[in-house]
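Structure first, commentary second.
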Amino acid sequence: MEEKPAIVIPDHQREPLQKAAELIREADAILINTGAGMGVGSGLGTFRGPNAGVWPPLIKMNIDFSEMSNPKWFQTNPHLAWAFWHFRYTAYTGAEPHDGYHILKKWAESKPSGGFAFTSNIDGHWKRCGFPENKIIEVHGALSHLQCTDRRCGEGEIWPTPHDTIIGLKPDGEKDEMLDPLPSCTICGKVARPNVLMFEDWGWHSERYAVQEENYTNWFKEIEQNGAKLVIIEIGAGKAVPTVRRESEMIVSKLPGSHLIRINPVMTDSKIPGSLQGGGHIAITLNGEVALIELDKLVNSSEDIK
């Protein structure tokens, strides 16, 4: 892993980091729940707030990110839709999983009951960092796969994204669109789209996700049956689309003795809800990668932060 410059940790974060490191050391299993903030260390945007990093043409088009991330554009203007998704695909595939991914993978591998990655991110970085595919659930799908824009085509056919085809799309010099040929369905030849759950999306093929969900359910059953001490490490999960936060809170409410470590640089987003207060859960108000690097130092030693 690339060596990072020294980081000064605020005094008020020292104690929660130390307590979190102790929980990680003692855990039998780790559930890693990540939202958009996990990608900031890789140079990716969060779509909202100071690290938004959205597609520049949205500003002049006066279109919100959530409105553009809607399957309707593949019906009304697929050339515009693919310009937007080409931007996102090249950003995600051009970025590397940061050190925090490798730290979490190492921790998971060290535990008797292993670990599982639950993510709303569509960047495919968990697979790229070497995390086992059968221990990943991408609840909003991933740009690593495509599907047909016709929901009726192929009975849920999903196929790996042809990297060279997407990277090789040619922009229209006069409009914020892509030129033909656009990515097409391997069965019917109609325009293809990312196998990603978009906003107001009733045409998403969820078959790939269903397999991941079954793996996740079976892993969690083993955790319960074995009485394993579970620690949930949640990183960069905001409130705008609270899928990841809700999963974290549901699991710690359901599994006695489990603990939540919530890492988020936004203080209001790092807070533990009142319903979970007193359960030994920990809020860390730091950037995800920074927090994980500091936690790794503490997990590897019994010393406090210097």
Q: Could you grab the distance from atom CD1 of Ile122 to atom CE of Met198, nearest 0.5 Å is fine?
A: 8.0 Å

Q) For His205, does its backbone N or O pair with a side-chain atom of Asn195 as donor and acceptor, under 3.5 Å? A) yes

(Q) Pairing donors with acceptors under 3.5 angstrom, does anything connect the side chains of Asn121 and Glu138? (A) no

Q.
Please check: side-chain N/O of Asn226 versus main-chain N/O of Ala228, any donor-acceptor pairing under 3.5 Å?
A. no

Q. Okay, side chain of Arg88, backbone of Ala83: is any donor-acceptor separation there less than 3.5 Å?
A. no

Q: Report, as yes or no, whether the 6.0 Å neighbourhood of atom NZ on Lys19 holds more than 12 heavy atoms from other residues, nucleotides or ligands.
A: no

**Q.** Presence of salt bridge, Asp180 and Lys170, under 4.0 angstrom
**A.** no

Q.
Which label fits Phe65 and Phe199: parallel for a plane angle under 30°, tilted from 30 to 60°, or perpendicular past 60°?
A. perpendicular

Q. Using 30° and 60° as the class limits, which term best fits the ring planes of Tyr101 and Trp126: parallel, tilted or perpendicular?
A. perpendicular

Q | Sub-4.5 Å side-chain heavy-atom contact between Pro183 and Pro162 | A | no

Q: Locate the shortest heavy-atom distance separating Ala283 from Gln13; write the atom from each residue and the value.
A: O-OE1, 4.4 Å

Q.
Quick check for you: to the nearest 0.5 Å, what is the distance between Thr93 atom OG1 and His163 atom NE2?
A. 5.0 Å

Q.
Let me check something: do Val231 and Val252 share a hydrophobic cluster, defined by ILVMFWY side-chain heavy atoms less than 4.5 Å apart, either directly or through other members?
A. no

Q) Does Lys60 reach the side chain of Asp176, with side-chain heavy atoms less than 4.5 Å apart? A) yes

Q: May I ask you to check whether His125 and Tyr92 place their ring centers less than 6.0 Å from one another?
A: no

Q. Is there a side-chain contact between Glu67 and Lys72 (heavy atoms, below 4.5 Å)?
A. yes

**Q.** Side-chain heavy atoms of Asn215 within contact of Lys135, under 4.5 Å
**A.** no

Q: May I ask you to decide whether Arg128 forms a salt bridge with Glu96, counting only side-chain N to carboxylate O separations under 4.0 Å?
A: yes

Q: For Ala291 and Leu286, work out which heavy atoms get closest and say how close.
A: CB-CB, 4.1 Å

Q) Hey, any chance Ile263 and Phe116 share a hydrophobic cluster, counting ILVMFWY side chains that come within less than 4.5 Å of each other, even indirectly? A) no

Q. When you measure from the side chain of Asp296 to the backbone N and O of Leu292, does any donor-acceptor pair fall under 3.5 Å?
A. no

Q) Any Lys/Arg nitrogen of Glu294 or Lys297 sitting under 4.0 Å from an Asp/Glu carboxylate oxygen of the other? A) yes

Q) Given Glu247 and Glu234, is the side-chain contact (heavy atoms from CB on, under 4.5 Å) satisfied, shown in steps? A) CA-CA 10 Å; Glu247 182 69 13; Glu234 178 195 284; over 6 Å; no

**Q.** Check: Ser66 main-chain N/O paired with Ser69 side-chain donor or acceptor under 3.5 Å
**A.** no

Q | Trp159 to Cys185 - nearest heavy-atom pair and separation | A | CH2-CA, 3.6 Å

**Q.** Sub-4.5 Å side-chain heavy-atom contact between Met61 and Leu80
**A.** yes

Q | Ion pair Asp28/Lys229, N-O distance below 4.0 Å | A | no

(Q) Any side-chain to backbone donor/acceptor pair from His281 onto Ile272? Under 3.5 Å, distance only. (A) no

**Q.** Donor-acceptor under 3.5 Å (His145 side chain, Leu143 main chain)
**A.** no

Q: For His86 and Ile167, work out which heavy atoms get closest and say how close.
A: NE2-O, 3.7 Å

**Q.** ILVMFWY network linking Leu23 to Ile103, side-chain heavy atoms under 4.5 angstrom
**A.** yes

Q: Step through the shown structure and confirm whether more than 12 heavy atoms of other residues, nucleotides or ligands are within 6.0 Å of NZ on Lys271.
A: no

Q.
As a quick check of understanding, evaluate side chain to side chain donor-acceptor pair (under 3.5 Å) for Thr243 and Ser120, giving each step before the final call.
A. CA-CA 7 Å; Thr243 308; Ser120 62; over 6 Å; no

Q) Do the non-hydrogen side-chain atoms of Ile235 and Ile32 ever get within less than 4.5 Å of each other? A) yes

Q | Audit row: Thr161, Ile166, side-chain contact (heavy atoms from CB on, under 4.5 Å) steps and yes/no | A | CA-CA 8 Å; Thr161 300; Ile166 307 302; 3.5 Å; yes

Q. Is there a path of hydrophobic side-chain contacts, each under 4.5 Å between heavy atoms of I, L, V, M, F, W or Y residues, that connects Phe74 with Met178?
A. yes

Q | Flag side-chain contact, heavy atom, 4.5 Å: Pro71 against Trp202 | A | no

Q. Is there side-chain contact between Val241 and His140, with at least one heavy-atom pair below 4.5 Å?
A. yes

Q.
With a 4.0 Å cut-off on N to O distance, would you call Asp201 and Arg193 a salt bridge?
A. yes

Q: Report the C-alpha distance between Trp73 and Ile63 in whole Å, list the side-chain angles of each, state the deciding distance to 0.1 Å, and finish with yes or no for side-chain contact (heavy atoms from CB on, under 4.5 Å).
A: CA-CA 12 Å; Trp73 297 104; Ile63 294 179; 4.0 Å; yes

**Q.** Shortest non-hydrogen separation from Asn264 to Gly238 and the atoms involved
**A.** ND2-N, 4.3 Å

(Q) Is it true that, when you exclude Met250 itself, more than 12 heavy atoms of the residues, nucleotides or ligands shown sit nearer than 6.0 Å to its CE? (A) yes

Q | Distance in Å, Trp55 CH2 paired with Phe84 CZ, rounded so as to fall on 0.5 Å steps | A | 7.5 Å

**Q.** Heavy atoms from other residues, nucleotides or ligands near CZ of Arg151 exceed 12 (cutoff 6.0 Å)
**A.** yes

Q) Between the side chain of His98 and the main-chain N/O of Met38, is any donor-acceptor distance below 3.5 Å? A) yes

Q. At their closest point, which heavy atom of Ala20 faces which heavy atom of Ile284, and how far apart are they?
A. CB-CD1, 3.9 Å

**Q.** Test item: Gln147 side-chain N/O and Gly203 main-chain N/O as donor-acceptor pair under 3.5 Å
**A.** yes

Q: For the pair Trp82 (side chain) and Ala192 (backbone), establish whether a donor and an acceptor sit closer than 3.5 Å, ignoring hydrogens and angles.
A: yes

**Q.** Stepwise salt bridge (charged side-chain N to carboxylate O under 4.0 Å, His left out) test for Arg262 and Glu249
**A.** CA-CA 10 Å; Arg262 172 165 281 166; Glu249 293 167 12; 2.9 Å; yes

Q. Between Trp204, Tyr216, Phe118, which is the residue that forms a ring pair (Phe, Tyr, Trp, His ring centres under 6.0 Å) with Tyr209?
A. Trp204

Q | Audit row: Glu224, Lys254, side-chain contact (heavy atoms from CB on, under 4.5 Å) steps and yes/no | A | CA-CA 10 Å; Glu224 290 183 298; Lys254 177 181 178 181; 3.7 Å; yes

Q. Do Val244 and Ile233 share a hydrophobic cluster (ILVMFWY, side-chain heavy atoms under 4.5 Å, transitive)?
A. no

